[in-house]
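Reviewing the structure listed below.
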Amino acid sequence: MLTFPDGFLWGAATAAHQIEGNNVNSNWWVHEHTPGTTIVEPSGDAADSYHRFRDDIATLASLGLNSYRFSIEWARIEPERGFVSRAEVDHYRRMVDTCHEFGIEPIVTLMHFTVPRWFERDGFWRAPDAADLFARYTELALPVVSEGVNYVCTINEPNIAAMLAGGEDASNLVAYGLPNPDLQVADALLASHQRSREVLSQLPHVKSGWTVATQAFKALDEEGAGEKLREYGYVRDDWYSEMAAGDDFVGVQAYTRTFIGPEGPRPVADGLETTLTGWEFYPPAAAEGIRSAWELSGHVPVMVTENGIATADDTRRIAYTQGALEHIHDTIAEGIDVLGYQHWSALDNYEWASGFRPTFGLIGWDKQTFERTPKPSARWYGAVAQANGLPDTRA
Ligand code: BGC
C-alpha cells in the first residue's frame, strides 16, 4: 500500500469557461463566434455548471474527495472595464461556502486563460497597465477568498498563455508544435502574478502561486538535441518554475512528454498509445513535473493542480491515474513536499479549440438534460482518496 501524507488534498479541477456555459463577456466567447478560426465549436451552455455547481460539489464530496479546484471568471466579475458585478462576486463566494458545507477544501484560480473581452480589446497582456488591471481584479475578487480559502492559483499555465497570446492558433495545447512564446507577454504575466500575490498578502491565511504546464521534454540521443532542448524548453517551461521561487506553492499541470531532436519537438512515435488529444499516454508526467518544479523553484511546495487524460475508454483513465499516483508517491518518498493532487477534470468539458470531443472528465453529463453520471474512474478515484493511498501495482 502506498500511503500519502496526512491532509493530502485529493481533488478534481475545472475551469470556469470550460464548464459554466454562457460566459458571454469573455474574450474566448468572442473568438468562438468569429468566423474562420480553427475552433471547432462554441462553448454554449457547456456543462451548465454555473447553475449546477452545488450538485457538482456535492457529487465530488459523495465520491470521497476532499478538495475542488475551480476558477472564477474575471469577465463575470468585471464585465465592462471598471464595472463590477457584486452579484457575481457573491456567486463565487457561494461556491466557496458550498464547498465548506460539503467538507471540500476550495482551491480557487483567479484566471484560467479567459479574460474579459474589454481586456483583450484594450491591448490584452501587452497593454502597459495589464498588471495594474489584474491587481485591481484581484482586489475585486478578495471577498471570494477572504475566509476559508487556503490556496489561490493566480494565473493558470502562464507558459501556455504566453504561447497562445502570439495570435497563432494552437488548435491543441500540446507540447509538439507549440507556438513561440511572446516574451513581452510572459513578463506581463509574471508582473501580474506578483502584483496579485501582493494584494492577496492582505489575507494572511491565503497561500498563493501560479500553475505551470510542465512539459516533460526529453532530448533524443542525437547530436544537437540537448542544446535544442535547453533553447526550446527554457522559455516554454523551466523559466516559469524558476519564477515561482519564493511563492507559497507552485502548481504542476502535466499530461504527457515530448521528445526533442536537433530540429525541435517530434510528433509521437508510431506504435505508442495516444489519447483523444493525440498525446502520448505517459503516466510518469506528473512526477517528472513535480521534480522539475521543486528543483527549479528552489524547493517551493508543489501541488499537482492538473493531471489526467482525454479518453472514451474509462479503464485507460484509471490505468493512467494509477500509474501517475504511484510515481507521485515516489516523489514524496524522495522528500518533496507535495500538497495534493487535483485530477483534470471533474467533468467532461469544453476542451478549447477542440470542442467537446476530448473527454477528460471523471463525471459525464447528458447533452440535453445536463444530468451527471460519475464514471467508474470517479468511484475508483474516490476510493483512493478515502483510503489516502493505493496499492502499488509495480510491486
Ligand atoms: C489546461 C486546461 C486544459 C487541459 C487539457 C491544460 O493545459 O489548463 O484548461 O483543458 O490542459 O488540455
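We number each residue from 1, following the sequence as shown. Just so it is clear, the values below take in all heavy atoms, side chains as well, and ignore hydrogens, waters and symmetry mates. Counting starts at 1 for both ligands and their atoms, in listed order.
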Note to self: Any donor-acceptor pair under 3.5 Å linking the side-chain atoms of Q342 with those of T305?
What the structure shows: no
Notebook entry, point to check: Among pairs that include at least one residue of residues 358-372, which meet salt bridge (Lys or Arg N to Asp or Glu O under 4.0 Å), considering only residues two or more places apart or in two chains?
Noted result: D56-R372
Notebook entry, point to check: Judging by distance only, is a nitrogen or oxygen of H112 under 3.5 angstrom from one on ligand 1?
Noted result: yes
Checklist line | Distance-only polar pair, side chains of E20 and S49, donor-acceptor under 3.5 Å | finding: no
Item checked: Shortest heavy-atom approach to atom 4 (C) of ligand 1 - which of Y255, W352, Y350, F113 -> Y255
Next item on the list: Check the angle between the aromatic planes of Y255 and F360 and answer parallel, tilted or perpendicular using the 30° and 60° thresholds.
Entry: perpendicular
Note to self: Show me which atoms of ligand 1 lie under 4.0 Å from any heavy atom of F360.
What the structure shows: 5 (C)
Next item on the list: Determine the interplanar angle of the H112 and W352 rings, folded into 0 to 90°, and report it as parallel if under 30°, tilted if 30 to 60°, perpendicular if over 60°.
Entry: parallel
Next item on the list: Can you sort out which atoms of ligand 1 are near N156, meaning under 4.0 Å from one of its heavy atoms?
Entry: 8 (O)
Item checked: Numbering as shown, the atoms of ligand 1 that approach W279 to under 4.0 Å (heavy-atom distance) -> 5 (C), 12 (O)
Item checked: N or O contact, N349 vs ligand 1, cut-off under 3.5 Å -> no
Next item on the list: Please identify each residue that fulfils side chain to side chain contact (heavy atoms under 4.5 Å, CB included) with V235, with sequence neighbours left out.
Entry: P181, L183
Note to self: I want to confirm something. Looking only at heavy atoms, which of E157, E306, Q253 is nearest to atom 2 (C) of ligand 1?
What the structure shows: E306
